[in-house]
There are 2 protein chains.
Amino acid sequence: MPTTLTPRAPRKDALENREAIVAAAAIVFRRDPEASLDAVAAEAGLSRRALYGHFASRDDLMAELLVRGGTRISAALLDVHDDDPRVHLALVGAAMWSEVQQVRVLAQLAIHGPLEKTIADALVPVRASVREAARNGVARGWFRPDIPVESLARLIEDAAIAVLDEAVRTDLSDDAGRRLVMSVGLSVAGLSWQDALALIDATPELAGPTSRTADPASAGPTSRTADPEGPRA
Amino acid sequence: MPTTLTPRAPRKDALENREAIVAAAAIVFRRDPEASLDAVAAEAGLSRRALYGHFASRDDLMAELLVRGGTRISAALLDVHDDDPRVHLALVGAAMWSEVQQVRVLAQLAIHGPLEKTIADALVPVRASVREAARNGVARGWFRPDIPVESLARLIEDAAIAVLDEAVRTDLSDDAGRRLVMSVGLSVAGLSWQDALALIDATPELAGPTSRTADPASAGPTSRTADPEGPRA
DNA sequence: ACTAAGTTGCACAGGGCTGTGCAACTTAGC
DNA sequence: GCTAAGTTGCACAGCCCTGTGCAACTTAGT
């Protein structure tokens, strides 16, 4: 008995439409987190009614967006680590750049609504990573020690979001965008623009696109310690 | 005939209530620009119906908030100028800090809605001021030249907003808040945190609260040029 | 080609918001 | 203390949104 009870397999175009809806939601909700489902359906080229065939409710769609964004971001952060907190911070920035769209949607949805808590959960790893880098950087005298690391970490996050916005707005190249996210993050952390760019240029891991998808030989945690004292210490 | 035709003067508590509404709107709309008038009225301790006695419509109330914010911010910017773009930028930051509440409300309202244009108008002087400082700073080699000044100016603005948020959240002292706004602005512009703080400490105008409300002898444009080469040039 | 999966358009109920009218009430000004 | 200014609560219409039901239609899978 090949087909036990299921009289037919689900149609493939339905799956495509589901994807289209999610994609449309990402676009629309990034612009306005409180946009109507009508707007989402229109963006997806479907009717509002059809949308309810894929998602039981607005919150359902939101949840889908959240888990997708969270998953991708977490994945992008997986192999990000460096003993040098400056490099680590830059790497986090680069990872975020590789998932700009997702990050932007999440950040936008985080502004208000009952999703706040769920979103906060999704971004916990990022926050922890940034916070840890901030703490380390301050301890080593590279980052500004005049404000609490918690505040510093938040300011770095906000700056990064602003850069992502600006990058999208001015349609930056992939390389320029990644560079900018990294350098502005380091700037807010306390480095001069010269030091930030010098560090980025002097560090192989920060050069190319996210090292993933490259040869598996260079995978795994990095942990160099080039230039131990920093450009100006 | 002292009272020509007006049978009675307007009551004073009505004016107080009007103020209360505006203040409440500032509080509520800063948290959520799309909050209901019910929420505003509640915050003001009035009924929703009474609110309509003072403002014909929601947009009316919004407009009032806008002109007030715009006016105060513009006023705070009036005597802000310095030949040194770094000092100038810091002064703008300090001026914004002196009007945190107003700036926050405007920035929040700017996010969406048909007010965008009006708000943009209200913030034109600030933007122009920051942009000019950015251009100057880049020209003199103090600020990062690797991105267009327009982008740099926007990033500085966004960072400043983030600092204002953080300052309000952590309940920073007046002095610490002003210092932070100035230093982070300079950081994003490209200075190291040491240079930023050194500049702030070494520059008299950046020390005390906004020089206004002090003796009129020290009023008017400042235009010094202390430390022409900058801390590290 | 047959059929069920998927889509569409419409209609509808329910909820929240705005803006208005009105009667009753409280309060400031003279 | 008289009186109008101002407030309150209620009721109402209108708008936009969500979520659902249903009949008719189009399309993918076999």
Side-chain angles (χ1 to χ4, degrees), chain A residues 1-25 28-29 31-66 109 111-115, chain B residues 1-25 27-29 31-66 108-109 111-115:
Chain A
M1 49 177 79
T3 58
T4 315
L5 281 177
T6 48
R8 187 162 303 185
R11 283 164 56 165
K12 79 171 188 195
D13 65 325
L15 274 247
E16 287 172 5
N17 283 340
R18 196 173 206 276
E19 293 307 302
I21 292 174
V22 174
V28 171
F29 288 148
R31 231 178 23 228
D32 175 12
E34 313 199 13
S36 74
L37 294 188
D38 231 346
V40 175
E43 176 73 33
L46 293 179
S47 70
R48 183 175 72 95
R49 193 61 188 77
L51 196 153
Y52 281 98
H54 295 279
F55 300 95
S57 71
R58 179 194 184 87
D59 286 350
D60 231 49
L61 176 53
M62 290 290 196
E64 176 83 15
L65 270 186
L66 249 62
L109 293 187
I111 296 184
H112 276 115
L115 290 306
Chain B
M1 48 178 76
T3 57
T4 318
L5 280 179
T6 50
R8 185 164 302 186
R11 285 163 56 163
K12 79 170 186 195
D13 65 324
L15 274 247
E16 288 171 5
N17 283 341
R18 196 173 207 276
E19 292 308 302
I21 292 175
V22 174
I27 294 176
V28 172
F29 287 149
R31 232 179 23 228
D32 176 11
E34 313 198 14
S36 74
L37 294 188
D38 231 347
V40 175
E43 176 73 32
L46 292 179
S47 70
R48 183 176 72 97
R49 194 60 187 77
L51 197 153
Y52 281 98
H54 295 280
F55 300 94
S57 71
R58 180 194 183 85
D59 285 350
D60 230 49
L61 175 54
M62 290 291 197
E64 176 83 18
L65 270 186
L66 249 61
Q108 197 62 25
L109 292 187
I111 297 182
H112 275 116
L115 289 306

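Just so we're on the same page: letters track the sequence lines, and every chain starts at 1.
Nearest nucleotide to the Tyr52(B) side chain, out of dT8(D), dT18(D), dG19(C): dG19(C). Distance from the side chain of Ala50(B) is smallest for dT8(D) among the nucleotides dG19(D), dG19(C), dT8(D). Closest approach to the Leu46(A) side chain among dG19(D), dT18(C), dT7(C) is made by dT7(C) (side chain taken as heavy atoms from C-beta onward). Nearest nucleotide to the Arg11(A) side chain, out of dT18(D), dT7(D), dA28(D): dA28(D).
Contact annotation: Asn17(B) does not reach the phosphate of dG6(D) (side-chain N/O to OP1 or OP2, under 4.0 Å). For the pair Arg58(A) and dT18(D), the criterion of a side-chain N or O lying under 4.0 Å from OP1 or OP2 is met. An OP1 or OP2 oxygen of dT7(D) is reached within less than 4.0 angstrom by a side-chain nitrogen or oxygen of His54(B).
Across all strands shown, dC2(D) is found opposite dG29(C) as a Watson-Crick or G-U wobble partner, with both distances under 3.5 Å. Summarising the base pairing, dA23(D) is matched to dT8(C) through a Watson-Crick or G-U wobble pair whose two defining distances lie under 3.5 Å.
Two residues are said to be in side-chain contact when any heavy atoms from C-beta on lie closer than 4.5 Å; Phe55(A) and Leu37(A) fail this criterion. Arg18(B) is not listed as a side-chain neighbour of Ile21(B), based on a closest heavy-atom distance of 4.5 Å or more.
In this structure, Glu16(B) atom CD and dT26(C) atom P are separated by 20 Å, rounded to whole Å. In this structure, the CG atom of Asp32(A) is 16 Å from the P atom of dC16(D), given to the nearest Å. Residue Ile21(B) contributes atom CD1, which lies 12 Å from atom P of dG6(D) at whole-angstrom precision. Rounded to whole angstrom, the span from the CE atom of Met62(B) across to the C1' atom of dC17(C) amounts to 13 Å. Rounded to an integer number of Å, the gap from CG of Leu51(B) to P of dT20(C) is 12 Å. Nucleotide dA28(D) holds its C1' atom 12 Å from the CG atom of Leu15(A), rounded to whole Å. Nucleotide dC17(C) holds its C1' atom 15 Å from the CG atom of Leu61(B), rounded to whole Å. Following rounding to the nearest Å, Lys12(A) (NZ) and dA5(C) (P) show an atom-to-atom distance of 18 Å.
Along DNA chain D, the nucleotide nearest Ala14(B) and the nucleotide nearest Arg49(B) are compared for position; the residue whose nucleotide lies closer to the 5' end is Ala14(B). Each of Arg18(B) and Arg48(B) was matched to the nucleotide of DNA chain D holding its nearest heavy atom; the match closer to the 5' end belongs to Arg18(B).
Annotation: the span from Leu66(A) atom CG to Leu109(A) atom CG amounts to 6.5 Å, rounded to 0.5 Å. Atoms CZ and CD, on Arg58(A) and Glu34(A) in that order, are 7.5 Å from each other to the nearest 0.5 Å.
When each of Glu43(B), Gln108(B), Met62(B) is paired with Phe29(B), the side chain to side chain contact (heavy atoms under 4.5 Å, CB included) condition holds for Met62(B) and for no other.
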